[in-house]
J.: 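One structure, as structure tokens, below. Some questions next.
Every chain is numbered from 1 and lettered A, B, ... according to where its sequence line falls, protein lines coming before strand lines.
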Protein chains: 2
Amino acid sequence: MPSLTEKDTPFLALDRARMDRNLARMRSHVEGLGVALRPHLKTVKSVPAARRILGEMTSPATVSTLQEAEAFAAAGCTDLVYAVGIAPAKLPRVAALRATGVDLVVILDSVAQARAVVDASKAAGAPIPALIEIDCDDARAGLAPGDPALVEIGRILHAGSELRGVLTHGGASYRAFTPGAMMAMAAQERASAVRCAEALCAAGLPCPVVSIGSTPSAHFAQDFTGVTEVRAGVYTLSDLMMAGLGVGGIDDIALSVVTTVIGHQPRRGWILTDSGFMALSKDHGTAGMPVDQGYGLVANIDGQPFGDLVVRGVSQEHGVLALREGSTATLPDLPVGTLLRIYPNHACATVAMHASFAVTDGGREIVEDWPIMRGW
Amino acid sequence: MPSLTEKDTPFLALDRARMDRNLARMRSHVEGLGVALRPHLKTVKSVPAARRILGEMTSPATVSTLQEAEAFAAAGCTDLVYAVGIAPAKLPRVAALRATGVDLVVILDSVAQARAVVDASKAAGAPIPALIEIDCDDARAGLAPGDPALVEIGRILHAGSELRGVLTHGGASYRAFTPGAMMAMAAQERASAVRCAEALCAAGLPCPVVSIGSTPSAHFAQDFTGVTEVRAGVYTLSDLMMAGLGVGGIDDIALSVVTTVIGHQPRRGWILTDSGFMALSKDHGTAGMPVDQGYGLVANIDGQPFGDLVVRGVSQEHGVLALREGSTATLPDLPVGTLLRIYPNHACATVAMHASFAVTDGGREIVEDWPIMRGW
């Protein structure tokens, strides 16, 4: 295989040594606190990456689409949560995958969805298990803790299909910028889920699974009492948002886009590259954070950042590099043809723009090529 | 084939009737002003779409990657401009495609690139033609009009490969919000290119091609004197940015993402769907425009917008619909399972998230499936 310096840019590089370190750190933290880890595979969307993340493919995993569920099941996964509120029309596809022996669990937060799950379970002649989604932080989907619909939905599922438990996602942890705020978010995520589990139990309903998680809250959590499993995805590759939240440093980011300098606009202090939003994504997730990294932090081909050099703008196939606003550094001399690496804001968004990972063990040699799926 | 209501969401729908109308309007405008149209295929990234856009595949076209060049050439294209500043390491691939009989032209704006083109031409034993890129509006790449490097680069190319002419892209037209401002941008784009062409001619150098264009400037231009061809891409599908700039209306947008309602947060006035940034992209290109459309404008399954209902937030596989800030409208009643269509901000960004177009003739029946390429 070519080395990082021999392949046409732009392309996506994955440093397997950094990924392995991230995997070990999260697994040891979560399992050390006595709960199971259910990695979210939406970040990597890749079977060879999933093998590394899961170890045994039959161990618990999370997916964000039915295509992921089907592809990872075909590669040996048997224990999957599809962690996006179920659309009723997708239930036959869920039932079909379950019929092959995969324990695929759906999530929902309404009576309408619970009834659809019951109907689909009857049609399939086998129960489709569901987790009730809880909204622990006003960030996205789920029932507010204390909503009486929880028990109503639980009763419908328990009577007509299978009530597997509750699930929540502390998405607001992405906006908690101190370790204290993050630990408070993690505690709130846990407490919301446990409170709902207790409400189900108090109503005489089963709640074998209490599933929580996001990478930041999982990383900072100190107590998982009452929780049975933790979900997290982006910790696998990490990114500038995670570094900005204190979940590891820049040198824990396993993902980068390799790019070539294609021009300069010295009057404006710009260096142009061949990595626009098609290679990086349009994710500007560090925009509201203490350090705005633009559309990515620029490093040399060996991964050492230049400091204040960031991607200030992107069009489809052009990136505009410039010093961070207010920087007093000198623009580095990077002639046309120079190879660079860009650390992305958001690993999930950047991975999705590419068809494969060029995998290294930290050096320049590409040791494997891991395909990335797309579609639904 | 299934109809729009029978396919698992999210997916990308393309209304061929609207596209045909957009194609005819731009072609008639540009050719009516006496110049050739060189459509940019980066918007559609699809061979069947390109056939419809170009009519004859041998007619002029523009691409943004070498993968597009190779794929469209394999489908019959022979007259291509690769309109991103050339990275020297890509020149052997350019030469290889040229050797198959395709007139693939590169662009550049530096002496270093010109020397690389000369070297690669020598190595290939055949000249690689190049256009010199001009920066007409301080928006991206290219030489400022009046930069003496123009003639220096022209001489290097003329002596050692082939100077094909000049090219500019009026990217700043995306920030011109009145017809008057747009016409001024179009005039500036034309004048900058023509001035540079004249400078080359005054130095005794050839300049057979004077290539300009962006969808907004092409749409509003009234005079192409001195120009030989106009490039534009997004006019083919149109999007909310184009509608916001007055390049057609919402009912000219041929592209939409079909999505399903998966939940509600009535306390916050939210409707949740299964289309997050994976289906829509993270492009918020209407953010700085007079009407901010969020991450997309929401319509019913037949394409009629609800008015003030937009996509206010996206995570990977969730979209959050809500009324526009300040709206006095009532949130429509859209139960779980309701199918909707989302018009995107930026067609190029949204297309790139999908593997194919579900093509209709304006109704619900899917008549064709057009694959979309990805990669470089």
J.: If you round to the nearest 0.5 Å, how far is CG of A/Asp8 from CG of B/Leu66?
T.: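 The distance works out to 7.0 Å.
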J.: Does any backbone or side-chain atom of B/His318 lie under 4.5 Å from a heavy atom of chain A? Answer side chain, backbone, both or neither.
T.: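 Only the side chain of B/His318 comes within 4.5 Å of chain A.
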J.: side-chain hydrogen bond (donor to acceptor under 3.5 Å, both in side chains) with A/Ser110: which residues, sequence neighbours excluded?
T.: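 A/Ser110: side-chain hydrogen bond (donor to acceptor under 3.5 Å, both in side chains) contacts with A/Gln113.
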J.: Give a yes or no on whether the backbone of A/Val84 and the side-chain of B/Glu317 come within a donor-acceptor separation of less than 3.5 Å.
T.: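 Flag not set: sc B/Glu317 to bb A/Val84 has no pair under 3.5 Å.
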J.: So what's closer than 4.5 Å to chain B heavy atoms on A/Pro335: side chain, backbone, both or neither?
T.: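 Contact with chain B involves no heavy atom of A/Pro335 at all.
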J.: If only atom types and distance count, is the side chain of B/Gln316 paired as donor or acceptor with the main-chain N or O of A/Ala349 below 3.5 Å?
T.: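 No, B/Gln316 side chain to A/Ala349 backbone: no donor-acceptor pair under 3.5 Å.
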J.: Below 4.5 Å, heavy-atom pairs only: which of A/Ser315, A/Gly337, A/Gly263, A/Ala112 has the largest tally toward chain B?
T.: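 Answer, by heavy-atom pair count under 4.5 Å with chain B: A/Ser315.
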J.: Would B/Asp147 and A/Arg267 satisfy salt bridge (charged side-chain N to carboxylate O under 4.0 Å, His left out), going step by step from the backbone distance to the final call?
T.: CA-CA 12 Å; B/Asp147 189 326; A/Arg267 290 171 303 147; over 6 Å; no
J.: Counting heavy-atom pairs closer than 4.5 Å to chain B, which one of A/Ala141, A/Gly276, A/Ala83, A/Gly171 comes out on top?
T.: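 Heavy-atom pair counts peak at A/Ala141.
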J.: Show every salt bridge (charged side-chain N to carboxylate O under 4.0 Å, His left out) that has at least one partner inside residues 273-285 of chain A, sequence neighbours left out.
T.: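 The answer is A/Asp274-B/Lys90, A/Lys282-B/Asp283, A/Asp283-B/Lys282.
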J.: Given a strict heavy-atom distance threshold of 4.5 Å, which part of A/Gln265 is in contact with chain B: side chain, backbone, both, or neither?
T.: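 Contact with chain B is through the side chain of A/Gln265 alone.
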J.: Is there a donor-acceptor contact under 3.5 Å from the side chain of B/Arg374 to the main chain of A/Met353?
T.: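 The answer is no, because no donor-acceptor pair under 3.5 Å joins these two groups.
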J.: With a 4.5 angstrom heavy-atom cut-off, could you sort out which part of B/Lys7 is near chain A: side chain, backbone, both or neither?
T.: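 It is neither, since no heavy atom gets under 4.5 Å.
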J.: With a 4.5 angstrom heavy-atom cut-off, could you sort out which part of A/Asp138 is near chain B: side chain, backbone, both or neither?
T.: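 Both parts, backbone and side chain.
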J.: Rounded to the nearest 0.5 Å, how far does CG of B/Asp109 lie from CG of A/Leu272?
T.: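 One finds 7.5 Å between CG of A/Leu272 and CG of B/Asp109.
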J.: What part of A/Ala279 gets within 4.5 angstrom of chain B, counting heavy atoms only: side chain, backbone, both, or neither?
T.: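 Backbone plus side chain of A/Ala279, per the 4.5 Å heavy-atom cut-off to chain B.
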J.: Before giving the answer on side chain to side chain contact (heavy atoms under 4.5 Å, CB included), spell out for A/Asp135 and B/Arg268 the whole-Å C-alpha distance, their side-chain angles and the decisive distance to 0.1 Å.
T.: CA-CA 12 Å; A/Asp135 179 19; B/Arg268 302 198 285 274; 3.0 Å; yes
J.: Let me know if B/Thr65 has heavy atoms under 4.5 Å from chain A in its side chain, its backbone, both or neither.
T.: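 It is the side chain, since no backbone atom gets that close.
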J.: What distance do B/Met278 atom CE and A/Cys348 atom SG have between them, rounded to the nearest 0.5 Å?
T.: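 If we round to the nearest 0.5 Å, B/Met278:CE and A/Cys348:SG are 9.0 Å apart.
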J.: Could you check whether any side-chain N or O of A/Arg140 sits under 3.5 Å from a backbone N or O of B/Gly319, counting only pairs where one atom can act as donor and the other as acceptor?
T.: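 Between the backbone of B/Gly319 and the side chain of A/Arg140 there is no qualifying donor-acceptor contact (under 3.5 Å).
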J.: Does any heavy atom of chain A fall under 4.5 Å from the side chain of B/His284, the backbone, both, or neither of them?
T.: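 The answer is neither part of B/His284.
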